[in-house]
There are 2 protein chains.
Amino acid sequence: MGIAERKNRQKQALRERILDASRRIVMREGFAALSMRKIADAIEYSPATLYLHFASRDEIAQALCEEGYAQLLETFVPHARIADPAERLKALGRAYIAFGVAHPQTYRLIFMEDPSYTGAALGGAARKAQASADEEAGAEVDDATTSSAKKQAAAREPATAATALSDSAAHTDDDPGAAALHIMLGALEELKAAGRLSASADVGVWAEAFWATLHGIVALNLTCPVFPTAPLDTVLNLTLDVWFGSSSAVPEPAVKPTPEPRAKPKAASA
Amino acid sequence: MGIAERKNRQKQALRERILDASRRIVMREGFAALSMRKIADAIEYSPATLYLHFASRDEIAQALCEEGYAQLLETFVPHARIADPAERLKALGRAYIAFGVAHPQTYRLIFMEDPSYTGAALGGAARKAQASADEEAGAEVDDATTSSAKKQAAAREPATAATALSDSAAHTDDDPGAAALHIMLGALEELKAAGRLSASADVGVWAEAFWATLHGIVALNLTCPVFPTAPLDTVLNLTLDVWFGSSSAVPEPAVKPTPEPRAKPKAASA
DNA sequence: GTCTATACCTCGATAGAC
DNA sequence: GTCTATCGAGGTATAGAC
């Protein structure tokens, strides 16, 4: 069987070469420029050979996406150990933006190209967020029908940073997107448990809204050459302060979030 | 000269037919599916004829973009009359998201396709934001070199909603993007003048960060089929409350933004 | 397994007849 | 002004020789 194993190794090696070349093309010229011909050229094989390893261009793209999800999650992991949940969320936000700026084409591929690619990243994650929200609302969860119900159990008790991390690590293998979102959910739960979020706040909604905010900063920055006019860090810091309060050691806080929530009456529109 | 005028009218009419057909194709199949052949088919002319009215496909796309900018601005205008600046900003945010959801392909074309398209919308706008920020910082503005310096003068004094609107209306003809951003800047200036924003807050940064946030919600919604899991309005309301405070008449505010800004010490990261 | 060769698309843009 | 015809380039995917 040694011969079969060698052949298998060679097959896997070529598969990796294909993905390597594809990754380089995407990083250099963007996803739209990824074609079977170009990949074949890059690895010095004929286009037909590619179809022995991938059924289509789309399958190659999906493989690249999965790498991207994992890569993004990796940048999250170290920050998940930060004790203060607000600081943790801010650090995660910074890591998210940093990833997008450092790997623009990868970010585009995952979050700005095909809905099915983005869905693969956020689909499972969003389902978990919904489940968490339902759970929080006191809805009954049918463990038999939910394959990942066991993993969600840890979120039921107000988790410490350590348990949140170890729990999310359980997701890492199968679904990086869900794991990433789960790290955020854990931090938001802690904030809420500490009374720094309204008791009626829905952490699932908070997580989705915050994620969308981060996405907006990255996406606009990648798409629009003149955004932002101000330094990116300045915009990011303001955004994080608005969401989770100013935490700088500076005596005078730079931003004072709406001291009078409902001071003025609503005006009639034309 | 009547003959020449008639020919001119006919030429303009065909130009409009081309744009109409293009708009329909983009709305129905997306910008990527817009091809000269398809347009020609739709208007029942040969592809070659198109090149008598537009130099290239790109020129058609840019014409569509300009319509889109103006369309977006139009949805802003009625809300610019709201007296309370925070409520005005929230209404603008809602209008922005509503536009993106109602006209997904138009929104994609303007803000998610080609950087040059988005730049045409935000480029001039961003320059104005920067100018406003400079001005605010006490920098001298050389009126001779800035063609629109006169228009910015109105923002110097804490403007009423009326003056902010009339001022922004002056931008409408030449640059819808700048006009839209200017409406937001005016509202932020008012917030600041009322002491509801820190005196050291940079309204240019606020405007860019808020715009990015709105963009994130729309973009993620358009790209990701499962976002948001929660109703879009719920996510939007939370986001607007986080940015400009809760203004609902409900006795218990749904969201309490970080009552203890710097309660916990910063934790050491691993 | 890997190749050559090719079928079969779609595209933007242009030349030249009418 | 409008057409037909076409160039040349790009793409996915496959058939069949080796």
Side-chain angles (χ1 to χ4, degrees), chain A residues 1-26 28-65 105 109 113-114 116-117, chain B residues 1-26 28-65 105 109 113-114 116-117:
Chain A
M1 305 302 167
I3 293 175
E5 285 166 6
R6 173 181 55 82
K7 287 195 173 180
N8 215 316
R9 272 200 307 276
Q10 283 178 341
K11 185 165 178 129
Q12 286 303 319
L14 186 49
R15 189 189 154 93
E16 277 311 309
R17 283 190 62 193
I18 292 171
L19 287 180
D20 279 350
S22 303
R23 204 178 307 114
R24 269 196 304 275
I25 292 169
V26 168
R28 208 173 48 237
E29 311 172 53
F31 174 62
L34 181 70
S35 77
M36 301 303 264
R37 288 196 213 275
K38 263 188 202 161
I39 301 169
D41 264 9
I43 63 172
E44 296 178 303
Y45 275 78
S46 81
T49 301
L50 301 180
Y51 291 92
L52 299 175
H53 297 264
F54 294 94
S56 67
R57 171 181 183 265
D58 208 67
E59 213 175 275
I60 295 178
Q62 283 176 22
L64 290 180
C65 280
Q105 300 296 359
L109 175 61
E113 296 285 352
D114 193 304
S116 75
Y117 301 161
Chain B
M1 305 303 167
I3 294 175
E5 284 166 6
R6 171 181 55 82
K7 289 195 173 180
N8 215 316
R9 273 199 307 276
Q10 285 177 340
K11 186 164 178 132
Q12 287 304 318
L14 187 48
R15 190 189 154 93
E16 277 312 308
R17 284 189 62 194
I18 292 171
L19 288 179
D20 278 351
S22 302
R23 203 178 308 114
R24 268 196 304 276
I25 294 170
V26 168
R28 209 172 47 237
E29 309 172 54
F31 174 62
L34 181 70
S35 76
M36 301 302 266
R37 290 168 137 89
K38 262 187 205 162
I39 301 169
D41 264 9
I43 63 172
E44 297 178 301
Y45 275 77
S46 82
T49 301
L50 301 181
Y51 290 91
L52 300 175
H53 298 265
F54 295 93
S56 67
R57 172 180 183 265
D58 208 68
E59 213 176 274
I60 295 178
Q62 283 175 22
L64 289 180
C65 279
Q105 300 296 359
L109 174 62
E113 296 285 352
D114 193 305
S116 75
Y117 301 161

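Every value quoted in this text rests on a predicted model; they were computed, and no experiment measured them.
At least one cation-pi condition fails for Arg15(A) and Tyr45(A): the charged atom is not both under 6.0 angstrom from the six-membered ring centre and inside a 45 degree cone around its axis.
Comment: Arg23(A) engages Asp20(A) in a salt bridge, judged by a side-chain N to carboxylate O separation of less than 4.0 angstrom.
Ser35(A) comes within 4.0 angstrom of sugar-phosphate atoms only, judged by non-hydrogen atoms across all strands, and of no base. When heavy atoms are screened at a 4.0 angstrom cut-off, Leu14(B) is found touching the sugar-phosphate backbone but no base atom.
Considering all non-hydrogen atoms of both residues, Leu14(B) and His53(B) come closest at CD2-NE2, 3.3 Å. Taking all atoms of both residues into account, the shortest heavy-atom contact from Ile25(B) to Ala33(B) is CG2-O, 3.9 Å. The two atoms that bring Met36(B) and Leu50(B) nearest to each other are O-CD1, 3.2 Å, heavy atoms only.
Atom CG of Leu50(B) is separated from atom P of dT14(C) by 13 Å (rounded to the nearest Å). Straight-line distance from the CZ atom of Arg37(B) to the P atom of dA13(C): 11 Å, rounded to whole Å.
Inspection of the Asp58(A) and Ser56(A) side chains reveals no N or O donor paired with an N or O acceptor under 3.5 Å.
Residue order along DNA chain D, read from the 5' end via each residue's closest nucleotide, puts Ala32(A) first among Ala48(A) and Ala32(A).
For DNA chain D, the span of nucleotides reached by chain A at under 4.0 Å from its heavy atoms goes, 5' to 3', from dG11(D) to dA15(D).
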